[in-house]
Amino acid sequence: MTTAVQKAPRITQDDAARIASDLYGLNVSATPLPSERDQNFLLCCAPSHLQSPGSRGVNQFVLKIANSAEAFEFLELQNQLIRFLTARKIDLEFPRIVRTRTGEDIAAVNGSDGRKHFVRLLTWLDGICFAKAEPHDRKLLSSLGRGLAQMDAALTEFDHPAAHRSFYWDLRNAAMAQELIGLLPETRRPLVERFFTEWEKIDWSSLRFGVIHNDANDYNVLVSESDQRVIAILDYGDMVHTAIVCELAVALAYAMLDELDPIGAAAHVVAAYHETYPLTEPEIDALYTLAVTRLCCSVCFAARQTRDAPDNEYLDISNTPAWALLERLSTVQLDWPTQVFRYACGLPVVRKQTSRPRRTRAELLDSRREHLGPSLSISYDAPLHIVSGSRQYVYDSDGRRYLDCVNNVAHVGHSHPYVVRAATEQMAILNTNTRYLHEYLIEYSERLTALLPEPLRVVYLVNSGSEANELALRLARTHTGRNEVIVVDGAYHGNTSAMIDLSPYKFDGQGGSGRPAWVHKVSMPDVYRGAHRGPDAGRLYAAQVTEALAQTSGVAAFFCESALGCGGQIILPSGYLCEAFAAVRAAGGVCVADEVQTGFGRAGTHFWMFETQGVVPDIVTLGKPIGNGHPLGAVITTPEIADSFANGMEYFNTFGGNPVSCAAGLAVLDVIRDEELQKNALEVGEYLKQGLRELQALHQLIGDVRGQGLFLGIEFVRDRETLEPADSEAAYVVERMKERGILLSTDGPFHNVIKIKPPLVFSRADADFLLSGLDSVLKQDFQ
Ligand code: PMP
């Protein structure tokens with residue numbers, strides 16, 4: 001049997017130029033382009049011939065000479081598809097089909113062997129192929145996912161009988177490649193067999209079908225040289241009607257080639273695809289197997305072609321990297337990529353839920369009342385039973401998805417698989433205390449301090465924000481030999497005895513016993529509701545710190561959250577910390593920045609919120625996001641303060657700094673960096689703030705919109721003059737938003753500030769969803 005590759009045309013360059021001239025009236029030089037079954041030539045018009053009748057101002061074309069086995073209808077299908085997609089509003093370019101002098105889309109020529117070949121001419125698109133574009137960063141990979149998704153979404157409205165064909169590159173027919181395993185080197189067969197076995201398990205009936213391009217390989221994807229964006233997906237010769245998800249799978253096979261982290265690279269493509277044209281759960285679950293199957297098909301067909309046509313160099317293009325990738329992926333646990341892809345799409349990473357008998361919500365609530373201390377509150381009138389989380393979503397026991405706009409602990413996303421893997425792997429190896437040397441403890445301390453300005457380079461690892469602040473207080477007291485502390489009104493620094501004493505939010509609140517004598521309060525530097533609202537606010541509020549200092553009999557520390565969380569999402573006015581710190585230091589105290597809520601890129605412009613104030617604290621305390629949900633906290637200070645603290649009494653913390661915590665902490669830092677989450681906080685935060693300001697213009701209830709990065713607040717008032725707090729309205733809106741699948745909560749001394757501090761993977765689409773939900777609720781109930 002002769003294969004299609006053996007029937008490939010054999011036209012010379014000169015013949016190609018002659019065909020261009022005879023059929024299209026073009027005076028060109030022809031250069032061969034790689035192709036598996038067809039022959040393609042790049043045609044370049046000489047400058048003097050730009051005006052030739054066929055060129056219409058274009059000076060480069062692709063002459064496509066089809067395999068003699070190719071049916072006319074199939075070429076017609078390709079032309080129809082190009083025209084169909086060109087007419088759609090998608091961010092991809094498509095070549096123009098150039099007609100012959102006699103007005104035909106498709107002409108025919110005879111090869112030297114007498115075989116008839118159909119010929120088409122397309123305009124050339126400028127750009128570089130994906131394989132040669134650098135770097136394959138998140139932006140480029142996302143644009144690939146988006147482009148493919150837009151194309152596939154558009155193609156759901158396209159069909160043609162010629163696309164319903166049995167084609168060996170259709171992943172449904174991977175058995176055709178599987179039969180060729182015997183041609184592979186014996187040592188490599190197991191690599192491929194393993195994946196074909198997975199392919200055999202695919203339930204094709206669970207997948208959506210449609211016409212797809214089916215060959216978004218790294219040489220068919222065209223990238224703009226100027227802005228690192230995918231601009232075209234070329235070569236429609238592999239089109240077929242099959243499972244739509246094969247489109248993405250094929251692209252992933254090539255997007256993973258030569259990548260240091262192939263699964264991470266693929267995940268960027270998947271996430272962008274899903275955001276544009278959502279995948280179904282069965283599609284996501286089949287995706288990885290299909291992607292590797294494509295690689296397996298590629299090496300199997302290449303083996304056959306090497307046997308049949310040893311001189312076709314096209315076959316080698318993706319063969320070596322494909323083998324390298326297969327080798328690499330053979331070391332990856334089979335279910336890991338699917339977990340990563342599920343996460344990329346915001347689905348619970350692990351499908352299996354608890355196997356214990358399920359209790360109703362009411363039963364859980366009853367038992368909770370009986371066994372948990374009643375001082376613990378629960379959110380919402382009808383409490384939620386949340387059973388899993390992924391990215392910025394949580395899922396309840398009925399499988400309903402909620403957009404989580406308040407969880408600043410699941411910082412890089414709920415159940416991020418990299419963090420989960422890092423912690424669980426380490427858990428299986430060793431978890432012990434810090435009285436031994438451990439690589440992770442040292443590496444983590446180095447990584448954390450590298451993110452902080454000098455001289456903050458000594459780390460204490462603890463287990464919570466409260467513990468971090470507790471230790472900060474001890475450090476300050478030991479270092480200064482003093483006892484008293486200045487705090488900001490409305491502040492919350494933790495749940496231990498000393499921290500309750502230090503937190504006006506608690507000691508002035510219900511059940512609190514008031515301010516202890518060693519604590520001094522200054523007003524919240526609130527430019528919306530406070531005494532100072534003008535450009536001098538920072539300086540005027542800081543002057544209160546100086547006044548408070550005068551009342552102490554020796555200050556140990558000034559504690560300040562770098563943006564006020566419980567105080568109502570208040571951004572410090574410019575100059576505040578600078579002046580306050582100077583005054584405290586002049587009085588011999590140390591300055592503690594509580595970054596428990598605000599650290600790790602949430603500020604967008606800076607990694608730490610205190611940096612937005614242009615100051616360097618003496619002690620920084622970290623918590624919440626630091627372990628993405630794993631209990632972890634840290635105190636970072638100067639060598640000088642650390643030396644004072646080393647007064648003979650050991651500081652030992654059984655769990656603080658254990659290898660599992662450090663593994664989780666390291667993974668969080670990796671993800672923030674690799675997924676550019678700080679940048680996302682800046683971009684999406686600005687976008688959301690702008691959207692909220694637009695809502696403020698429409699709804700009287702919104703008195704103020706404020707924030708920085710993805711740390712935002714909406715203050716509700718009944719009257720924009722008197723600023724009467726609209727607390728019940730805020731609570732009502734939070735309840736209504738929950739019904740719409742959006743989780744928010746209130747804070748601030750009057751409980752009238754809706755806080756927004758979501759996981760940093762929050763997207764523009766999420767922002768739009770939140771904004772439209774809020775707009776509808778406010779329109780329905782408050783207008
Ligand atoms: N500081 C701030 C600013 C906080 O918001 C919190 C927790 N809400 C803490 C400290 C205490 O952290 P944890 O609950 O981890 O002890």
Side-chain angles (χ1 to χ4, degrees), residues 373 375-377 379 404 406-411 460-476 485-509 512 519 521-522 524-525 557-572 577 591-600 602-603 608-610 612-613 617 619-636 653 655-657 661 664-665 668 707-713 745-749 751 753 755-759:
S375 53
L376 179 65
S377 68
S379 305
D404 186 349
V406 275
N407 198 316
N408 55 357
V409 175
H411 191 65
Y460 300 84
L461 293 171
V462 296
N463 308 293
S464 68
S466 303
E467 252 196 275
N469 283 324
E470 186 75 30
L471 177 58
L473 178 63
R474 286 184 60 197
L475 287 168
V485 178
I486 298 174
V487 294
V488 178
D489 205 1
Y492 177 65
H493 294 295
N495 58 29
T496 59
S497 298
M499 287 307 113
I500 295 297
D501 280 352
L502 203 68
S503 301
Y505 180 73
K506 290 289 180 192
F507 67 63
D508 279 343
V519 174
K521 251 181 7 180
V522 292
M524 288 199 293
F558 169 55
F559 270 67
C560 186
E561 296 166 70
S562 303
L564 314 184
C566 295
Q569 301 293 99
I570 287 174
I571 300 301
L572 305 177
L577 283 187
C591 301
V592 180
D594 181 337
E595 284 274 340
V596 168
Q597 289 218 20
T598 52
F600 295 94
R602 182 167 296 282
W608 308 109
M609 193 69 90
F610 69 75
T612 64
Q613 289 270 310
I619 302 175
V620 176
T621 58
L622 307 175
K624 288 190 189 282
I626 189 170
N628 209 48
H630 180 87
L632 179 59
V635 181
I636 299 166
N653 190 319
F655 299 122
S661 299
V668 168
Q708 159 92 32
L710 279 172
F711 185 89
L712 300 169
S745 65
T746 57
D747 225 325
H751 313 288
V753 180
K755 51 186 177 184
I756 302 174
K757 34 193 170 186

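Order of appearance sets the numbers: ligands from 1, and atoms from 1 within every ligand.
For the pair Asn408/Phe600, no side-chain contact is recorded, criterion being any heavy-atom separation below 4.5 Å from C-beta on. The side-chain heavy atoms of Cys560 and Leu577, taken from C-beta on, include a pair separated by under 4.5 Å. Annotation: side chain of Leu564 is in contact with side chain of Pro525 (closest heavy-atom distance under 4.5 Å). Put simply, the side chain of Asp508 reaches to within 4.5 Å of the side chain of Lys521, judged on heavy atoms. Considering only heavy atoms from C-beta on, Pro758 comes within 4.5 Å of Arg602 through its side chain. At a threshold of 4.5 Å between non-hydrogen side-chain atoms, the residues Leu473 and Phe559 count as touching. With contacts defined as side-chain heavy-atom distances shorter than 4.5 Å, the pair Val668/Ile626 does not qualify.
Those atoms of ligand 1 that come under 4.0 Å of a heavy atom in Glu561, given as number and element, are 3 (C). Set against the non-hydrogen atoms of Asn469, the atoms of ligand 1 under 4.0 Å away are 1 (N), 10 (C). For ligand 1, the atoms sitting less than 4.0 Å from at least one non-hydrogen atom of Lys624 are 5 (O), 6 (C), 7 (C), 8 (N), numbered in the order shown with element in parentheses. Close contacts of ligand 1 with Val596, meaning ligand atoms under 4.0 Å from a residue heavy atom, involve 1 (N), 2 (C), 4 (C), 6 (C), 9 (C), 10 (C). For ligand 1 and Ser464, the ligand atoms under 4.0 Å from any heavy atom of the residue are 15 (O), 16 (O).
For a threshold of 3.5 Å applied to N or O pairs, the pair formed by Gly465 and ligand 1 contains at least one separation below that value. The shortest N or O to N or O distance between Glu467 and ligand 1 is not below 3.5 Å.
Closest to atom 1 (N) of ligand 1 among all protein heavy atoms lies Asp594 OD2, 2.7 Å. With hydrogens left out, the protein atom closest to atom 5 (O) of ligand 1 is Gln597 NE2, 2.8 Å, a heavy atom. Among all non-hydrogen protein atoms, the one lying nearest atom 16 (O) of ligand 1 is Ser466 OG, 2.4 Å. In terms of protein heavy-atom proximity, atom 2 (C) of ligand 1 is closest to Tyr492 O, 3.3 Å.
Open room surrounds CZ on Phe655; 12 or fewer heavy atoms of other groups in view lie less than 6.0 Å from it.
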